[in-house]
Every structure is written in structure tokens, then in C-alpha cells.
Protein chains: 2
Amino acid sequence: MKYSKATNYALHTMLFLAMETPNKPVGVHQLAERQNVSPTYLSKILTKLVKEGMINSISGANGGYTLSKNWEDISFLDIIHAIEGKSSLFDCCLYSNPECVIKDVMLSAEEKLENELRNKKISDLVKK
Amino acid sequence: MKYSKATNYALHTMLFLAMETPNKPVGVHQLAERQNVSPTYLSKILTKLVKEGMINSISGANGGYTLSKNWEDISFLDIIHAIEGKSSLFDCCLYSNPECVIKDVMLSAEEKLENELRNKKISDLVKK
DNA sequence: CTAATAAGAGACTTTATATATCTATAATAG
DNA sequence: CTATTATAGATATATAAAGTCTCTTATTAG
Ligand code: SF4
Ligand code: SF4
């Protein structure tokens with residue numbers, strides 16, 4: 001079990017954008033170069049962030065990506081969910097079993113992880 | 001990112017063994033049947049638990065698996081680590097960067113998850 | 001001792017997912 | 001119109017998970 005590289009790229013891109021001049025679009029080429037990843041692949045990842053409303057994309061010359069208006073509220077968990085999906089880490093075969101003991105432990109542990117990631121925002125990393 | 005099925009099988013097997021008469025070996029065939037998994041595959045998973053000293057295996061007629069002496073101390077985290085390995089969930093490209101901000105957040109969140117899993121033991125599920 | 005039983009080991013196959021790449025299309029600034 | 005830049009979809013490659021098969025080793029009931 002590991003976070004995907006795509007999640008890593010998404011987090012770094014958000015951090016880069018947060019450190020840039022606001023409202024000035026940054027092209028995927030530049031973002032990809034800083035992370036040693038192909039622009040087309042990064043583009044595909046960033047499109048997920050666009051669809052979740054975390055960043056805006058601007059086509060055409062001088063286009064690129066900018067952070068969305070509400071970017072200061074975006075948490076690590078939001079970004080991870082956008083890339084990895086929102087389903088639980090633990091797949092139980094019988095969700096209907098109300099007596100289940102294993103599931104409770106696994107889900108409560110996952111909740112601790114998510115709480116921490118929900119409380120950390122990209123904007124926390126920028127404000128010094 | 002998801003826990004593997006192998007982890008699921010390992011957790012369930014530990015729970016089954018904990019509910020059985022102590023010291024009476026349970027064969028892999030029986031354990032596999034209860035989980036709808038092939039015996040040879042489950043065997044491969046259980047061998048990992050044997051190597052970590054969590055369970056004992058007994059060959060030959062009337063053989064099978066028993067919990068190890070210290071089984072009451074075995075945590076969820078121990079079992080998960082035995083199957084999934086102990087490496088971090090977050091792979092950072094530059095571990096050497098002391099200024100890293102993303103890594104700190106990811107590792108501290110993982111720590112919260114692990115703390116919870118470390119505090120929950122299989123024996124907690126059996127004692128009523 | 002022998003035959004049946006049961007775990008372990010290694011090679012292999014299959015399936016699924018992650019990680020890309022390639023090409024074509026759409027939007028926009030100048 | 002043309003150069004630039006994002007988006008979409010098909011395809012390809014790599015890696016890992018999940019499962020099978022066969023042979024070996026250990027134990028014990030009889
Ligand atoms: S014990 Fe819980 S985790 Fe296991 S099969 Fe039942 S419901 Fe699922
Ligand atoms: S910022 Fe942190 S996570 Fe990102 S490359 Fe640097 S050390 Fe790694």
C-alpha cells in the first residue's frame with residue numbers, strides 16, 4: 001500500500017502554484033519540468049484537480065493553470081481524494097455484518113489519518 | 001491506495017485462531033474455506049506470519065497453525081507490517097531535503113494511522 | 001517402516017493498476 | 001491566420017497483486 005506518484009505530483013503542483021504570483025497562469029510544461037515528469041501525463045493528473053474545482057485551467061497562448069479562488073481552504077485530503085478516489089483503504093467482504101470487529105478498527109484508524117490530512121492545508125505551507 | 005486482500009486474509013486468520021481452543025492446531029484448509037480463498041495462497045500468506053513469530057506452524061498429520069505464546073501483544077499494525085512491509089506510505093523523491101514541508105505532513109498523518117493500529121490488538125477483539 | 005497428512009518453496013500464470021505515450025481536437029492571444 | 005496551450009481518447013508499457021501448480025520436507029498415526 002502506497003500513495004501513487006500521481007498524488008505526489010498533484011501535491012507538489014499545488015505547492016508550486018501556491019508559491020507563484022497569484023492569477024498568473026503557469027503552463028504544464030514548466031510544472032512538469034520541475035518534477036521530472038512528462039507534460040502530457042501531468043496534464044492528465046491536473047485535469048482531475050480542475051474537475052474538483054481546485055485549480056482553473058486557461059487554454060490558448062499564455063494559458064496554464066491558476067489556483068481557484070477558494071484555494072486557501074484546500075486540504076491535503078482534498079487533493080489526495082481527487083487523485084486516489086474516496087473509497088476506504090480497507091475493503092471488507094461483508095459490509096453488512098453489524099458485529100464486525102476488524103472493520104471498526106481499520107476504519108477508525110483510517111479516520112485518524114484523514115483527520116490529520118484534512119487539517120493540513122496547502123496554504124499552511126506558504127504562510128511563513 | 002488500498003490494503004491488499006492478503007492483509008485482509010491475515011487479519012481474519014489471526015482472529016479465527018484467537019477464537020479457537022488454544023494450542024489446538026488449525027489446518028490451512030479449514031482457514032481457507034472460511035475465507036473463500038485457495039489453501040495454497042493462504043499458506044503463502046501465513047508463512048509470512050510464521051516468519052515474524054506471530055503464529056507457529058506444525059507439519060504432519062493433525063498439524064496446522066497455532067498462535068504464538070506472545071499472541072496477546074500482537075497488534076493490527078504488526079500484522080499489517082508483516083504482510084505489506086514496513087516502508088512509508090509516501091514516497092518522496094528527495095528524502096534528504098531538510099526544508100521539506102510536504103513530507104512532514106504526510107509522515108505525521110501516517111503516524112496517526114499507525115498509532116491507532118498499534119494500540120489495537122487482536123486480543124482486544126476476543127476478550128468480551 | 002510406511003502411508004497419509006500437512007506445511008513450505010519456487011516457478012509460473014493471470015489479472016489489475018499505475019504510469020506513461022501518442023495523436024487528434026478545442027480554445028485563445030496576438 | 002498562426003502559434004500556443006489545455007483536453008480527450010486510444011494505446012502501450014511496467015509493476016504489483018492475486019492466484020495456481022508442482023515438488024519437497026516434516027510429522028505422526030498406525
Ligand atoms: S469480520 Fe468484518 S471485516 Fe471480516 S468479513 Fe466480517 S464484516 Fe468483513
Ligand atoms: S518538497 Fe519534500 S516531498 Fe517534495 S521533493 Fe522536496 S523533499 Fe520530496
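A quick note: this is a predicted structure, and the numbers were derived from the prediction, not measured. Residue numbers start from 1 in every chain, and the chains themselves are labelled A, B, ... in the order their sequence lines are given, proteins ahead of strands.
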At 4.0 Å (heavy atoms only), tell me whether [X] reaches a base, stays on the sugar-phosphate, or touches nothing.
X       : answer
B:Tyr9  : sugar-phosphate
B:Lys51 : sugar-phosphate
A:Ser43 : base

Can you tell me how far [atom2] of [N] sits from [atom1] of [X], to the nearest Å?
X       : N      : atom1 : atom2 : result
B:Gln35 : D:dA18 : CD    : P     : 13 Å
B:Lys2  : C:dA18 : NZ    : P     : 11 Å
A:Ile55 : D:dA6  : CD1   : P     : 10 Å
B:Ile45 : C:dG10 : CD1   : P     : 17 Å
B:Lys48 : D:dA18 : NZ    : C1'   : 11 Å
A:Tyr3  : C:dA18 : OH    : C1'   : 17 Å
A:Asp91 : C:dA16 : CG    : C1'   : 14 Å
A:His29 : D:dA3  : NE2   : P     : 18 Å

**OP:** Hey, could you give me the CD1/CD1 distance between A:Ile74 and A:Ile122, rounded to the nearest 0.5 Å?
**Re:**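 Separation between the atoms: 8.0 Å.
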Subject >> Pairwise distance CG(A:Leu125) to CG(A:Leu11) - rounded to 0.5 angstrom >> reply: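 Answer rounded to 0.5 Å: 9.5 Å.
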Original post:
Looking at side-chain heavy atoms only, is the closest gap between A:Val26 and A:Phe16 below 4.5 Å?
Top reply: no
**OP:** Between A:Val26 and A:Met1, name the one whose nearest nucleotide on DNA chain D is closer to the 5' end.
**Re:** A:Val26
Original post:
Short question: side chain of A:Asp124, backbone of A:Lys121 - any donor-acceptor pair under 3.5 Å?
Top reply: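 Yes, the answer is positive, given that a donor and an acceptor are paired below the 3.5 Å cut-off.
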Original post:
Would you say A:Glu72's side chain and A:Ser123's backbone share a donor-acceptor pair under 3.5 angstrom?
Top reply: no
Subject >> Pairs satisfying side chain to side chain donor-acceptor pair (under 3.5 Å), at least one member in residues 24-33 of chain A, at least two apart >> reply: none
Original post:
Taking everything shown except A:Asn23 itself, do over 12 heavy atoms lie less than 6.0 Å from its CG?
Top reply: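 Not more than 12 within 6.0 Å, no.
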Original post:
What string of B, S and - do you get for nucleotides 20-30 of chain D, 5' to 3', if B is base contact, S is sugar-phosphate-only contact and - is no contact with any protein heavy atom under 4.0 Å?
Top reply: BB----BBSS-
**OP:** Respond yes when some side-chain nitrogen or oxygen of A:Ser57 is under 4.0 Å from OP1 or OP2 of D:dT5, and no when none is.
**Re:**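 No.
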**OP:** Give a yes/no answer on whether the side chain of A:Thr47 brings an N or O atom under 4.0 Å of OP1 or OP2 in D:dT7.
**Re:** yes
